[in-house]
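Here is the structure we will look at.
Fair warning: this is a prediction, and the values are worked out from it, not measured in the lab.
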Amino acid sequence: MIDDKRLESIVSEAGRIALDLWPGAGADVRIWEKTPGSPVCEADLAVDTFLKRELGALLPSAGWLSEETADDPARLERDLIWLVDPIDGTRDFIRGRAGWAVSVALISNGRPLIGSLCAPARGEVWQAVAGKGATRNGAKLEASNRLEFAGARVPAADLMKQDRILTKVDQPNSIALRIAMVAADEADLVATLRWGFEWDIAAAALVAREAGAAVSDAFGRKLDYNKRDPRAFGLIASAPGIHGATVDHLSDRAATFSRA
């Protein structure tokens, strides 16, 4: 159905386009705000335009949902859609930090079929196909197998008081890269307690799941994609052995914040 090599080439080229515009490589990129506190830059739009054209040509039957494209409800009638975040981690991108990635997923009937992350500033390409495992730079990934919640490694700049039984590790701005850290056994747990968009997590969630991690929303429920409202409340990606404990630990806050 999909030319795997062509898809890999498209995502890699998208990464190169972004890297050429990255302030960390010396580029002077234009930056503005879509809404207050939500930065966007010309690299977001350049990558989005490229991917929409090339992925559309690769699979013309697929619909399209991207952070940087106006939503077309016609996607809801498609069995297949491309789900794209041109640059996940824009804040790190515009600050010249390496914690950003191009995120591309192919969704089939509400489930991720293919996931790809390209993090060129880190020299990393993450790939997953449903039922066939996940890799980083061609090496097979195996997620954390931690069984004890206390002490679990979590990418974070700071922790709330009730979470300080956990252990902080380096936190890239990209949520996709944080999820991928669980897939690579570089973190045991990633959790969010906010409404987030499908394009932020689809590719990385498949990478984590195919590496053996448990992935759900903040309430422990499975994630669906290509919904009319393309959001979910929270995300948990963790070692399977601590997923239940994570859901329990966050349950009160999840119930409160989801109603806010």
Can you check side-chain contact (heavy atoms from CB on, under 4.5 Å) on Ile201 and Tyr225, steps first, answer last? CA-CA 10 Å; Ile201 61 173; Tyr225 299 91; 4.1 Å; yes
Does any non-hydrogen side-chain atom of [Y] lie less than 4.5 Å from one of [X]?
X      : Y      : result
Pro172 : Arg122 : yes
Pro86  : Glu68  : yes
Trp199 : Leu65  : yes
Leu55  : Val84  : yes
Ile114 : Ile2   : yes
Leu147 : Ile242 : no
Ser116 : Gln127 : yes
Arg253 : Leu250 : yes

Flag yes if [X] and [Y] sit in one hydrophobic cluster, no otherwise; membership is Ile, Leu, Val, Met, Phe, Trp, Tyr, and two members link when side-chain heavy atoms are under 4.5 Å apart.
X      : Y      : answer
Leu159 : Val182 : no
Leu141 : Val190 : no
Leu58  : Val125 : no
Leu21  : Leu45  : no
Val215 : Leu113 : no

Just how far is it from atom [atom1] of [X] to atom [atom2] of [Y], taken to the nearest 0.5 Å?
X      : Y      : atom1 : atom2 : result
Ile179 : Leu206 : CD1   : CG    : 11.0 Å
Leu106 : Leu7   : CG    : CG    : 8.0 Å
Phe257 : Thr192 : CZ    : OG1   : 11.5 Å
Phe149 : His249 : CZ    : NE2   : 4.0 Å
Arg16  : Trp22  : CZ    : CH2   : 15.5 Å
Ile236 : Leu189 : CD1   : CG    : 7.5 Å

Distance-minimising heavy-atom pair for [X] and [Y]:
X      : Y      : value
Lys168 : Ala157 : NZ-O, 3.6 Å
Gly212 : Ala143 : C-CB, 3.9 Å
Pro120 : Trp100 : CG-CH2, 3.4 Å
Ser216 : His243 : OG-NE2, 2.8 Å
Ala218 : Leu193 : CB-CD2, 4.0 Å
Arg91  : Pro39  : NH2-CD, 3.6 Å

Checking [Y] against [X]: is there a side-chain donor and acceptor pair closer than 3.5 Å?
X     : Y      : result
Asp44 : Thr90  : yes
Asp48 : Thr69  : yes
Arg97 : Asn173 : no

Quick check: does any side chain N or O of [X] sit under 3.5 Å from a backbone N or O of [Y], one acting as donor and the other as acceptor?
X      : Y      : answer
Glu142 : Ala211 : no
Ser258 : Phe233 : no
Asp88  : Val102 : no
Ser9   : Lys5   : no
Glu210 : Gly133 : yes
Ser174 : Ala176 : yes
Ser238 : Pro240 : no
Ser251 : Asp248 : yes
Asp85  : Ser66  : no
Asp28  : Pro23  : no

Would you sort out whether Ile81 and Arg78 count as a side-chain contact (heavy atoms from CB on, under 4.5 Å), showing the intermediate values? CA-CA 7 Å; Ile81 71 158; Arg78 304 292 182 94; 4.1 Å; yes
Report the C-alpha distance between Lys34 and Glu67 in whole Å, list the side-chain angles of each, state the deciding distance to 0.1 Å, and finish with yes or no for salt bridge (charged side-chain N to carboxylate O under 4.0 Å, His left out). CA-CA 11 Å; Lys34 290 183 288 187; Glu67 181 174 11; 3.3 Å; yes
Can you tell me which residue pairs pass the salt bridge (charged side-chain N to carboxylate O under 4.0 Å, His left out) test with a partner in residues 182-196, sequence neighbours excluded? Arg136-Glu186, Arg153-Asp185, Arg153-Asp188
Charged N to carboxylate O below 4.0 Å: is that the case for Arg231 and Glu198? no
Taking the basic N atoms (NZ, or NE/NH1/NH2) and the acidic carboxylate oxygens, is any pair closer than 4.0 Å for Asp224 and Lys222? yes
side-chain contact (heavy atoms from CB on, under 4.5 Å) evaluation trace for Leu117 with Val104: CA-CA 6 Å; Leu117 301 174; Val104 174; over 6 Å; no
Before you tell me yes or no, could you show the steps for Trp126 and Asn137 under side-chain contact (heavy atoms from CB on, under 4.5 Å), namely the whole-Å CA-CA distance, both residues' side-chain angles and the distance that decides it to 0.1 Å? CA-CA 6 Å; Trp126 309 70; Asn137 294 349; over 6 Å; no
Evaluate whether atom CZ of Arg228 has more than 12 neighbouring non-hydrogen atoms of other residues, nucleotides or ligands under 6.0 angstrom away. no
